[in-house]
Structures are given as C-alpha cells and as structure tokens.
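The next block holds one structure in the form of structure tokens; read it before the comments.
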Amino acid sequence: MLKNLTPQPPDKIIQMIGQFKADTRTDKVDLGVGVYKDAQGKTPVMRAVKAAEARLLESQDSKSYVGLLGDLGFVDVMRDLVLGDAVPAGHVVGAQAPGGTGAIHQLLLLTRLANPEATVWFSDPTWPNHPAIVKHLGLTGRTYRYFDEATCGVDFDGLMSDLSGVKSGDVVILHGCCHNPTGANLTLDQWAQVTDLLIEKDATPFVDFAYQGFGDGLEEDAAGVRAMAAKVPQLLIAASCSKNFGLYRDRVGVALVVTSDADALELTKGALASLNRLTFSFPPDHGAKVVEIILKDPALKADWMAEVEEMRLRMLDLRRDFAQALREQTNSDAFDFVAEHRGMFSRLGITPEQVLKVREEHGIYIVGDSRINVAGLPAEKLDMLAKAIAAA
Ligand code: LMR
C-alpha cells in the first residue's frame with residue numbers, strides 16, 4: 001500500500017526552516033518562517049506565560065479529559081479578546097483547536113458539512129496553508145485579487161470586482177490584520193464595503209486572525225472583524241495564540257462562530273464538538289489553560305499586553321529603519337512601503353531569482369515570493385541586508 005504514495009508538495013515556508021539550519025555560514029540571516037525574535041535573535045517565552053505556567057504547575061491536580069470543545073473558560077476569554085463587546089456573548093460558540101491552523105481546518109470541515117458545494121475564496125496571494133487545506137479537504141478554492149504589485153498596497157478595486165462573483169453559500173477568507181504574506185491591510189472603510197458586499201451575496205466571511213496586537217494594537221487590529229461581526233448574519237473566525245502569546249509549539253487556537261440564530265448556533269456547537277472528536281478527540285489543554293490564566297488575572301494580563309506592545313513597537317522600528325536603509329542603498333523610495341505595512345511580514349517585490357541570489361551569495365533567507373519576516377531583521381545588519389538586496 002505505502003508504495004502507492006507519491007511525494008507530497010513541501011510547504012515552502014516550513015521547508016526553509018531545515019534549509020536555514022543546514023546552512024553552515026555563521027553570518028546567515030533568517031527572514032523566513034513567521035516567528036517573533038527579540039533583539040538578541042531569540043524567540044522568548046513571554047513573561048506572563050512563564051508566570052502562568054508556574055501557577056498551573058502548582059495548581060493542576062488532574063490531567064483527565066476536559067471536553068470535546070476544549071476548555072470553555074479559554075473559549076470565553078478568547079471570544080472577548082477577539083470580539084470585545086461587538087456582539088452579545090450568547091451569539092458566539094467556539095471550540096478550542098490545536099493552533100490557528102487547527103481552527104482553520106475545523107472551520108473548513110464545518111463548511112464542508114454545512115455546504116459541500118461552497119467555493120472557498122482566498123486572497124491572491126495568501127498564506128499557502130489556506131489553499132492547501134481547502135484542496136486537501138476536497139473543497140473548491142478560488143482566489144480574489146488582493147495585492148497591487150505597483151503600489152505594494154491593496155488592490156481594492158480588483159478585490160471588490162472579483163468578490164462580486166461570489167455565490168450564495170460561498171465562504172470568503174479574509175486576514176483579520178497583518179496580511180500574510182503582503183503586510184498590506186484593508187482600511188476600516190474597506191472592511192465595511194466588503195461586509196456589505198458579502199451580506200448582499202449571502203456569503204459567509206471567514207476571518208483568519210493570527211496576529212492580533214502585531215499591527216496597530218490589540219484593540220485596533222480587531223476593529224475590522226468586530227465591525228463585521230456586528231453586521232453579518234454569520235461569521236467564522238480562526239484565532240491563533242501562536243504569535244501574540246508566543247505559544248507556537250503548544251498549539252493554541254480557537255474556532256469561533258458568530259450568529260444571532262439560536263437554532264443555528266446550537267447545531268454549530270454540536271457539529272464543532274463532533275468534528276473535534278473525529279479529528280483529534282480532545283484539543284491539547286496546556287497552552288489554552290495558560291492563556292485563560294493570563295486573561296483572567298488583571299496583573300498578568302497587563303504585563304502580557306505590555307509585552308505584546310513592546311514586540312509590536314520593535315517591529316515598527318525595524319520597519320522604519322529598514323525602509324531607510326533601503327532608501328539609502330537604492331537611492332529611491334521604491335521600498336518605502338516597508339515602513340507603511342503592518343504586522344510581521346512584507347513582500348519586497350523582488351523576483352524568485354533575486355531571492356535565491358541573496359540566499360546563495362549572502363546567506364539571507366527570504367521566502368520565494370519575497371516575503372520577509374520583519375521580526376527577524378537584525379538591527380545591526382540592516383545596511384548589509386539593504387545592500388545585498390539592492391545589488392541583487
Ligand atoms: C508563517 O506564515 O510563517 C507562519 O504562520 C508559520 C507557518 O505555520 O507557516
């Protein structure tokens with residue numbers, strides 16, 4: 001049987017982790033996978049996480065199962081973090097999932113269960129796992145225009161024109177903030193226009209919310225999804241704690257579904273529990289419990305918020321300084337958009353050949369579509385990096 005297997009296409013981002021590790025050059029620079037790094041190049045365990053883990057170690061007296069939907073206390077605090085008071089708490093059901101990817105997977109399973117004929121739309125470009133999971137689950141995927149290569153901003157006319165082709169029952173994936181890979185984001189006015197269009201088309205928005213707090217702030221980053229939640233008849237949200245809690249390997253995420261239809265809500269809750277059971281039974285508890293402890297404790301929450309803000313401001317400084325270095329090295333304002341973009345990523349707009357050239361000649365690892373992880377930029381090497389990119 002196993003001989004029937006064919007090689008599976010590698011995920012380009014994950015593949016790069018191995019390629020970077022295997023590179024023996026000591027001055028190599030990793031701008032690949034989206035993992036936050038501090039000024040020392042380390043991905044730290046956040047202060048509040050360490051404190052909450054210590055508390056959990058002391059207080060936890062059982063490792064027995066929690067529930068198919070996971071820890072509902074965690075689901076509640078995540079609902080509040082993501083949605084604030086945009087909708088009544090009783091209009092939201094949720095299921096804990098292993099990471100943001102797990103939440104996306106479960107919500108796409110829910111989509112397939114509810115409407116196997118749905119076309120799932122995603123931005124061009126998007127995070128490669130969106131189309132990959134849609135395809136893997138046998139759903140139909142389709143892209144909508146998103147990025148304007150000339151301005152390195154959002155191609156909003158293209159987006160609206162493509163989404164006018166959405167059919168009743170379709171699902172449209174949007175990035176809640178900090179678009180991955182481009183770093184170009186919708187304005188609040190554009191969120192409102194997309195909301196109205198999807199209501200008119202009877203389509204369901206699906207917000208992938210993996211970087212809350214890394215763009216303009218925890219509240220500011222949620223403004224688009226909150227305004228949408230208050231207006232649409234139904235909304236799917238996959239939120240991740242990998243980045244803003246630094247819990248990458250502990251796999252902490254939540255699938256939230258918003259609707260004012262009480263019957264639909266009850267059916268959704270049952271379906272999410274069943275889909276968890278069929279996929280992995282019970283979601284992993286440790287990281288979710290840590291998040292719950294932090295968000296329920298005012299002092300820990302304040303410290304966590306302060307650290308997220310430090311991380312966000314560090315990325316903004318790096319954006320400003322790197323844009324300046326590129327300006328000096330290229331004698332142009334062609335890369336000024338790096339300072340305007342928000343979140344962990346920007347797409348530089350250089351060709352795959354140029355990406356390869358800077359990797360081979362300088363040991364600078366950039367994803368093939370020219371996406372850089374801003375948090376990976378070493379502050380003391382910005383001129384060297386800008387020079388290498390300018391030369392390529
Ligand atoms: C990324 O885009 O680099 C991150 O979201 C990590 C991943 O799983 O791809």
Side-chain angles (χ1 to χ4, degrees), residues 8-21 28-38 41-44 46 82 97-108 122-136 141 143 146-147 173-185 206-215 221 237-255 280 284 287 308 311-312 315 318-319 338 341-348 352 355 359 364-377:
Q8 295 300 301
D11 182 297
K12 300 253 162 46
I13 298 171
I14 304 305
Q15 190 181 36
M16 192 175 285
I17 298 176
Q19 290 166 339
F20 182 78
K21 266 193 190 145
K28 60 189 176 177
V29 178
D30 181 11
L31 304 181
V33 67
V35 169
Y36 179 81
K37 292 190 192 122
D38 63 16
K42 294 254 165 11
T43 303
M46 293 176 76
V82 171
T101 305
I104 291 167
H105 184 270
Q106 295 313 93
L107 288 173
L108 288 173
F122 33 80
S123 61
D124 176 20
T126 192
W127 184 50
N129 229 5
H130 288 155
I133 300 175
V134 167
K135 183 165 176 238
H136 174 66
T143 57
Y146 186 81
F147 193 57
I173 300 182
L174 300 154
H175 297 227
C177 65
C178 308
H179 185 268
N180 180 4
T182 67
N185 298 293
F206 178 155
V207 175
D208 181 355
F209 205 30
Y211 296 91
Q212 186 179 2
F214 277 22
D221 289 348
I237 305 169
S240 168
C241 302
S242 293
K243 327 279 163 161
N244 54 10
F245 284 87
L247 284 165
Y248 307 88
R249 67 175 66 166
D250 286 330
R251 312 309 300 139
V252 190
V254 69
F280 42 73
V308 174
M311 294 156 90
R312 185 181 83 81
M315 288 186 278
L318 285 167
R319 283 189 175 282
V338 171
H341 285 167
R342 285 293 177 272
M344 229 174 193
F345 307 113
S346 270
R347 214 163 83 156
L348 292 181
V355 166
R359 183 186 309 175
I364 301 167
Y365 283 71
I366 297 174
V367 180
D369 65 357
S370 79
R371 185 194 83 169
I372 58 162
N373 170 13
V374 173
L377 289 167

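Start at 1 and go down the list; that is how both ligands and their atoms are numbered. Sequential numbering from 1 along the given sequence is applied to the chain's residues. For clarity, every value in this text was computed on a predicted model and none was experimentally measured.
Taking the ring axis of Phe20 as reference, the NZ or CZ atom of Lys28 stays within 45° of it and closer than 6.0 Å to the ring centre.
Put simply, CG on Asn129 and CD1 on Ile13 are 8.0 Å apart, with the number rounded to the nearest 0.5 Å.
Thr43 places a side-chain N or O within 3.5 Å of a backbone atom of Tyr36 that can act as its donor or acceptor partner. Judged purely by atom type and a 3.5 angstrom limit, Lys243 has no side-chain atom pairing as donor or acceptor with the backbone of Met344. Under the 3.5 Å distance criterion, the side-chain polar atoms of Arg251 are matched with a main-chain donor or acceptor of Tyr248.
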Contacts table for ligand 1: protein N or O within a distance under 3.5 Å of ligand N or O, distances only.
{"unit_1": "ligand 1", "atom_1": "2 (O)", "unit_2": "Trp127", "atom_2": "NE1", "d": "3.1"}
{"unit_1": "ligand 1", "atom_1": "2 (O)", "unit_2": "Asn180", "atom_2": "ND2", "d": "3.0"}
{"unit_1": "ligand 1", "atom_1": "2 (O)", "unit_2": "Arg371", "atom_2": "NH1", "d": "2.9"}
{"unit_1": "ligand 1", "atom_1": "3 (O)", "unit_2": "Gly34", "atom_2": "N", "d": "2.7"}
{"unit_1": "ligand 1", "atom_1": "3 (O)", "unit_2": "Arg371", "atom_2": "NH2", "d": "2.8"}
{"unit_1": "ligand 1", "atom_1": "5 (O)", "unit_2": "Tyr211", "atom_2": "OH", "d": "3.3"}
{"unit_1": "ligand 1", "atom_1": "5 (O)", "unit_2": "Lys243", "atom_2": "NZ", "d": "3.0"}
{"unit_1": "ligand 1", "atom_1": "9 (O)", "unit_2": "Trp127", "atom_2": "NE1", "d": "2.9"}

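Between His175 and His179, the two ring planes are tilted [angle within 30° to 60°].
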